[in-house]
**Student:** 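Submitted below is the structure of interest, expressed as structure tokens.
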Amino acid sequence: LRLPAGRYAAIVATDDSHAANEWNAAPAYDPAFWGLTLRARSNADRARIKPFAYEHVPEKDAFVRLAGQGDDAFASRGFTLKRRMPVRVYALGEGRSGDMFDYGWIVDAKTGRAVWQMDYRDTEHAEGAGKNRLFDEDVTLDAGDYVAYYVTDDSHAYGDWNSAPPIDGKYWGLTLLPGASGFDRSRVSTFDARDNPNILAQIAPVRDHARERLRFTLDRDTRVRILALGEGSGGDLYDYGWIEAEGSHRTVWEMRYRDTEHAGGAQKNRLAEETLRLPAGDYVLYYKTDDSHAFGDWNSAPPANPLHWGITLYRANE
């Protein structure tokens, strides 16, 4: 094999049986070389080779670590980028037939929009069972505040595999690192999503059998961006939200099926997104769910951004 000048990593993996000193059938003719060996063809070539310590996921450089996730997990971490830069996204999760069941995503904290999500079509086999999926690419993000999320279902995750695990099982989850060109860590800092100044009011995530209300006040006319996720099919909504003017109980906005689009996962996951100007005054935010398919108790594939099941009002850009 002729290789151009560059940096390389030689990797070998084994499963839990039939390897050196633990054969469960007749061993190979040359058992001492079970693994991978590289040799130079000449002393001159050997002199041009220099080994170095290799980490395919250099943990000291990671600024978001949501790895080692077990069953029924939900993890998040906020971060701030002080300039536009490439970010290496290293994510392992469970998926098959086009759907992901353990996966991660990144949300722009200012708008609530997902700027990256772990779609099955963008993943590759992570070794082990075919449902082990890997995303390992650079994603360029603008300067701003972000929140990274990772969620798992009730089976096949770190520490409790029901099929052959991936080679890199300890990274089951989401890890963010500098991109290929690298960047100065001083340009990355922690962001606390609970103190997000762009959220005016929020009822999310919402579970089954809920009817929740939240009062909020606008001290001046304000452009508001509404992000609402709910359940619906055949033109009807079963989990939905609306806004009323306090006092008059006049509905100033409501989530209607015809104004929604697919929110990822099952087709009945619906997303409503709209910007409107609300006059100064007092308002009440409402959200209602039926007895099935809501946050924490999905009976079909969840939406791409399950944490936003409910309704959130953002301060829109003027």
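No experiment lies behind these values; they were computed from the predicted model shown.
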**Student:** Looking at every non-hydrogen atom in both residues, tell me the closest pair between S292 and D208 and how far apart they are.
**Tutor:** C-OD1, 3.2 Å
**Student:** Do you know which two heavy atoms are closest between T312 and A204, and how far apart they sit?
**Tutor:** OG1-CB, 4.3 Å
**Student:** Working note: Y8 + F52, criterion ring pair (Phe, Tyr, Trp, His ring centres under 6.0 Å); need CA distance, chi angles, decisive distance, verdict.
**Tutor:** CA-CA 9 Å; Y8 297 88; F52 67 93; 9.5 Å; no
**Student:** Could you tell me whether K288 and E212 make a salt bridge, using a distance below 4.0 angstrom between a side-chain N and a carboxylate O?
**Tutor:** no
**Student:** Roughly how far, to the nearest 0.5 Å, is CD of E231 from CH2 of W298?
**Tutor:** 9.0 Å
**Student:** Please name the pair of heavy atoms, one in L227 and one in G112, separated by the smallest distance, quoted to 0.1 Å.
**Tutor:** CD2-O, 3.7 Å
**Student:** When the aromatic ring centroids of H18 and W34 are compared, is their separation below 6.0 Å?
**Tutor:** yes
**Student:** Kindly determine whether L174 and Y149 satisfy side-chain contact (heavy atoms from CB on, under 4.5 Å), including the steps that lead there.
**Tutor:** CA-CA 8 Å; L174 175 64; Y149 297 97; over 6 Å; no
**Student:** Is a donor from one side chain sitting under 3.5 angstrom from an acceptor on the other, for D168 and Y90?
**Tutor:** yes
**Student:** Report yes or no: do E59 and Y171 form a side-chain donor-acceptor pair below 3.5 Å?
**Tutor:** yes
**Student:** Quick one: is the NZ or CZ of R133 closer than 6.0 Å to the six-membered ring centre of Y120, and within 45° of its axis?
**Tutor:** yes
**Student:** Is the backbone N or O of E127 less than 3.5 Å from a side-chain atom of N132, with the two atoms forming a donor-acceptor pair by type?
**Tutor:** yes
**Student:** Could you go step by step and tell me if E273 and R113 meet the salt bridge (Lys or Arg N to Asp or Glu O under 4.0 Å) rule?
**Tutor:** CA-CA 10 Å; E273 189 174 6; R113 294 189 180 100; 2.9 Å; yes
**Student:** With distance as the sole criterion, is a donor-acceptor pair present between the side chains of T152 and D71 under 3.5 Å?
**Tutor:** no
**Student:** Side chains of H209 and D290 only: does a donor on one sit below 3.5 Å from an acceptor on the other?
**Tutor:** no
**Student:** Please tabulate, one pair per line, all N/O donor-acceptor pairs under 3.5 Å involving side-chain atoms of residues 76-87, not counting sequence neighbours.
**Tutor:**
| from | atom 1 | to | atom 2 | distance (Å) |
| --- | --- | --- | --- | --- |
| T80 | OG1 | D145 | OD1 | 2.6 |
| K82 | NZ | S186 | O | 3.2 |
| R84 | NH1 | D142 | OD1 | 2.4 |

**Student:** Treating T260 as the side-chain partner and R258 as the backbone partner, does any N or O pair qualify as donor plus acceptor under 3.5 Å?
**Tutor:** no
**Student:** Could you pull out every donor-acceptor pair under 3.5 Å between side chains of residues 94-101 and any protein atom, sequence neighbours left out?
**Tutor:**
| from | atom 1 | to | atom 2 | distance (Å) |
| --- | --- | --- | --- | --- |
| E94 | OE2 | K131 | NZ | 3.4 |

**Student:** If every non-hydrogen atom of V206 is compared with every non-hydrogen atom of A294, which pair is closest and at what distance?
**Tutor:** O-CB, 3.6 Å
**Student:** If every non-hydrogen atom of K110 is compared with every non-hydrogen atom of D108, which pair is closest and at what distance?
**Tutor:** N-OD1, 2.9 Å
**Student:** Between the side chain of D119 and the main-chain N/O of R121, is any donor-acceptor distance below 3.5 Å?
**Tutor:** no
**Student:** Taking the ring centre of each residue, are Y286 and W253 less than 6.0 Å apart?
**Tutor:** no
**Student:** Under 6.0 Å from the six-membered ring centre of Y257 and within 45° of its axis: does the NZ or CZ of R270 meet both?
**Tutor:** yes
